[in-house]
Amino acid sequence: MKKTLTTLVLLSATMLAVQAQQVPQVANVLGRRTTSLNGSWHYIVDVQEEGYYDYRMNPTQHGFFRNAKPEKPEDLIEYDFDKSEEMTIPSDWNTRDERLFFYEGTVWFCKKFSIDASQLKEGWRKLLYFGAVNYEAYVYVNGHRMGRHVGGFTPFNFDITDQLREGENFVIVKVDNKRHAEDVPTQIFDWWNYGGITRDVLLVDVPSTYIENYSLQLLSLDDRRLAFTVTLNKAEAGHQVTLRIPELKVERTVTTSADGTATAFLKAKPQLWSPVNPKLYAVEISLNDETITDEVGFRTISTRGKQILLNGEPIFLKGISIHEEKAFGGGRANCTDDAHTLLSWAKELGCNFVRLAHYPHNEYAVREAERMGILVWSEIPVYWTIAWKNFATYQNAEAQLHDMIARDHNRANVIIWSIANETPHSPERDQFLGRLATYARSQDSTRLISMAMEVTGAANYHNKLQDNMNRYVDVVAFNQYIGWYRDVNDAPKMTWEIPYDKPVIISEFGGGAKAGLHGPKNQRWTEEFQENLYRENTAMLDKIDGLAGTTPWILKDFRSPRRVLTGIQDYYNRKGLISDQGEKKLAFDVLKKWYEGK
Ligand code: GCB
């Protein structure tokens with residue numbers, strides 16, 4: 001989107017006026033008082049952004065956000081949300097409207113909702129919360145701009161109280177999923193660029209002073225103390241916050257200091273959360289009239305040499321990679337049922353771990369994995385050739401990292417924050433990622449940091465991992481496609497050298513197969529080819545010193561515009577162990593058997 005100087009000035013002036021409405025992410029919306037704005041929304045497809053720019057490409061005051069209606073018979077208004085089509089939100093427009101299957105651009109969404117006087121009661125505020133919108137969102141309430149958000153996979157919210165009126169109100173969102181080189185992710189990536197309001201929209205009721213975020217976790221195995229920290233939305237001293245964990249007979253009131261935070265250490269002997277005992281405790285956190293509920297598990301995660309230790313014991317991470325797509329067919333997933341089906345397949349494979357690729361997945365998925373005893377690697381879409389030299393790109397990546405951690409830092413199953421995938425080596429990239437890793441650690445020093453690297457120095461069947469980012473990560477992870485993109489039939493000859501005293505995860509390996517296509521094992525796309533590739537790869541991986549886990553690519557075939565081979569791919573990446581119709585391919589059993597022996 002090219003903007004003239006005037007446009008920029010205009011835009012930033014408007015931005016200044018509205019930035020005050022965007023407030024830091026409010027954590028754990030699922031445990032608060034909310035009203036859902038999910039359901040039917042009207043939408044208008046706006047290919048040339050007619051609803052935002054005038055015919056000189058200047059932002060117009062008469063944009064669609066006004067939701068204007070003709071007042072006199074001669075009035076000219078060339079849009080009408082009330083008469084436009086409807087779409088169920090959350091969803092992706094590519095799946096909901098077949099005309100929009102390949103569409104990348106702007107769609108406007110409008111939803112009416114009503115507010116009664118009792119809801120506007122003195123002192124309470126209403127936050128308008130979006131679980132995620134891909135990619136850029138301009139949000140308006142009753143015609144007033146609340147703010148802009150970029151990044152397709154993280155939550156954001158606005159305090160809209162002052163714009164609300166008793167009776168009917170409306171929210172309008174301009175969503176744009178066009179790709180740009182300086183965005184995160186960048187212009188090319190191997191998954192579908194699903195556009196839309198892809199996660200829940202909620203009104204969250206909060207008092208004027210409210211709990212913005214909190215953290216509750218086990219300090220160490222030895223003294224079994226819990227560390228509790230709470231952060232209010234205001235830097236004010238003297239507010240009393242009470243934590244209750246009835247099953248552990250914990251009840252403690254803390255008082256905030258001038259920065260609006262309070263911390264306490266509590267003696268407790270919780271059962272430890274683990275894949276075999278995913279024990280969660282009901283928790284209540286109260287400030288005046290507001291009580292937030294949550295379920296929290298307690299565990300420790302650390303490394304010792306080349307081992308990953310869960311609760312002090314070595315664990316082999318039997319994993320699988322997953323995209324956030326519905327179990328059957330394509331389309332964005334966003335509910336516990338979607339997650340449950342995918343995670344049940346992972347369990348059937350024998351997994352205790354999933355890599356939620358390549359962006360933060362929805363909160364339901366992370367919580368369902370926690371209930372099912374599945375550990376999680378969570379990542380941001382710093383993928384392939386990011387604009388390393390552009391500081392705004394760095395800030396965007398950091399904001400996404402911040403918001404992922406802020407949302408999920410109380411989940412016991414999340415053990416790894418990953419900051420990047422398959423990025424080309426350069427000093428600028430090292431600087432960008434080094435800074436990002438340092439930032440991740442400053443936000444959460446209790447989890448492991450990793451990233452999916454690549455082996456760059458391979459010669460004569462000898463593969464040596466060399467990456468300057470080694471010094472920033474706790475776990476060395478890399479993707480390798482022996483048997484698919486390189487060295488078909490040569491897996492048995494491969495040797496591996498990882499010259500770092502850190503645990504090693506193979507964050508991807510695999511190959512494509514079309515479910516139901518059978519033939520000899522050297523014929524591409526047959527299930528037998530993939531089956532053989534998994535046999536040879538697993539045997540090869542067994543020889544890697546310090547192997548602490550794997551997340552093969554991938555659980556289920558997923559949509560990708562890069563995969564155009566007619567009759568085989570048909571816009572699906574076919575590396576799934578399960579087809580997009582839920583059929584298990586032969587390789588599924590190979591991995592399952594290998595995991596049985598681990
Ligand atoms: C990779 C990428 C992943 C792709 C996969 C593939 O290395 O990390 O996003 O989908 O390869 O299938 O080529």
Side-chain angles (χ1 to χ4, degrees), residues 134 152-153 179 183-194 319-325 330 332 342 354-361 377-386 397 400 416-425 429 433 450-456 458 463 465 467 469 473 475-488 491 504-515 524-525 527 529-530 533-534 537 541 549-565 568-580 585 587 591:
N134 190 40
F153 305 97
R179 291 165 291 114
D183 285 349
V184 182
T186 180
Q187 219 149 8
I188 54 166
F189 43 90
D190 189 21
W191 67 85
W192 206 265
N193 184 23
Y194 290 116
I320 189 77
S321 298
I322 304 182
H323 262 295
E324 191 192 51
E325 252 188 18
R332 275 271 167 255
L342 295 169
V354 286
R355 175 179 179 200
L356 300 182
H358 279 300
Y359 38 76
H361 287 211
W377 155 310
S378 194
E379 69 189 73
I380 50 168
V382 173
Y383 182 97
W384 292 355
T385 47
I386 290 288
Q400 295 193 42
I416 294 176
W417 301 125
S418 171
I419 57 164
N421 180 75
E422 284 186 359
T423 48
H425 295 191
R429 168 266 203 185
L433 293 182
S450 192
M451 57 182 271
M453 303 172 175
E454 288 176 304
V455 168
T456 47
N463 300 273
L465 184 75
D467 193 317
M469 285 302 294
V473 297
V475 173
V476 172
F478 64 94
N479 303 345
Q480 62 80 17
Y481 279 91
I482 287 176
W484 187 256
Y485 292 126
R486 54 175 278 225
D487 310 286
V488 180
V504 179
I505 291 181
I506 307 302
S507 35
E508 284 177 35
F509 72 90
K514 168 98 175 166
R524 286 261 180 190
W525 307 112
E527 289 196 32
F529 188 102
Q530 190 192 41
L533 183 150
Y534 266 75
N537 263 267
L541 298 182
T550 62
T551 48
W553 196 253
I554 186 171
L555 182 66
K556 185 196 80 91
D557 291 353
F558 61 97
R559 278 212 176 114
S560 168
R562 301 173 69 82
R563 308 297 174 172
V564 297
L565 181 62
I568 299 283
Q569 295 176 316
D570 303 314
Y571 297 108
Y572 275 97
N573 182 315
R574 294 289 181 202
K575 295 190 187 71
L577 293 174
I578 300 179
S579 78
D580 57 291
K585 305 179 195 173
L591 186 62

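Position 1 is the first residue of the sequence, and the numbers go up from there. Order of listing sets the numbers, starting from 1, for every ligand and every atom in it. Excluded from the calculations below are hydrogen atoms, water molecules and symmetry mates; all remaining heavy atoms, backbone and side chain alike, are included.
- Which parts of ligand 1 touch Lys575 is read off a 4.0 Å heavy-atom cut-off, strictly below it: atoms 6 (C), 12 (O), 13 (O).
- Using a 4.0 Å cut-off to heavy atoms of Asn479, the atoms of ligand 1 that qualify are 7 (O), 8 (O).
- Counting only distance, with no hydrogens or angles, the side chain of Gln480 and the backbone of Ile482 share a donor-acceptor pair below 3.5 Å.
- In terms of protein heavy-atom proximity, atom 4 (C) of ligand 1 is closest to Asp190 OD2, 3.2 Å.
- Looking at Tyr359, Phe189, Tyr572 one by one, the single match for ring-ring contact (aromatic ring centres under 6.0 Å, His included) with His323 turns out to be Tyr359.
- At a heavy-atom cutoff of 4.0 Å, ligand 1 is contacted by no atom of Phe478, backbone or side chain.
- Contacts of Phe189 with ligand 1, taken as heavy-atom pairs under 4.0 Å, are absent altogether.
- Just one residue in the list Arg332, Lys556, Arg559 forms a side chain to side chain donor-acceptor pair (under 3.5 Å) with Glu325, and that residue is Lys556.
- Regarding atom 7 (O) of ligand 1, its nearest protein heavy-atom neighbour is Glu422 OE2, 2.2 Å.
- No side-chain donor from either of Asp557 and Asn573 sits under 3.5 Å from a side-chain acceptor of the other.
- Using a 4.5 Å cut-off on side-chain heavy atoms (C-beta onward), Trp484 and Lys575 make contact.
- In this structure, Arg562 is not positioned above the aromatic face of Trp192 in the sense of NZ or CZ being under 6.0 Å from the six-membered ring centre and within 45° of the axis.
- Comment: Arg355 engages Glu379 in a salt bridge, judged by a side-chain N to carboxylate O separation of less than 4.0 angstrom.
- Looking at Ile554 against ligand 1, nothing comes within 4.0 Å, counting heavy atoms.
- In this structure, atom 2 (C) of ligand 1 lies nearest to the protein heavy atom Glu508 OE1, 3.2 Å.
- The shortest separation from a heavy atom of Tyr481 to ligand 1 is under 4.0 Å, placing the residue in contact.
- Taking every heavy atom of Tyr485 and a limit of under 4.0 angstrom, the matching atoms of ligand 1 come to 6 (C), 12 (O), 13 (O).
- Interatomic distance, CG of Asp467 versus CE of Met451, reported as 5.0 Å (0.5 Å rounding).
- The ligand atoms of ligand 1 that sit less than 4.0 angstrom from a heavy atom of Phe558 are 10 (O).
- Gln569 contributes atom CD, which lies 8.0 Å from atom CZ of Arg574 (distance to the nearest 0.5 angstrom).
- For Arg563, every heavy-atom contact with ligand 1 shorter than 4.0 Å involves the side chain, none the backbone.
- The His358 neighbourhood of ligand 1 comprises atoms 3 (C), 8 (O), 9 (O), with distances under 4.0 Å to a heavy atom of that residue.
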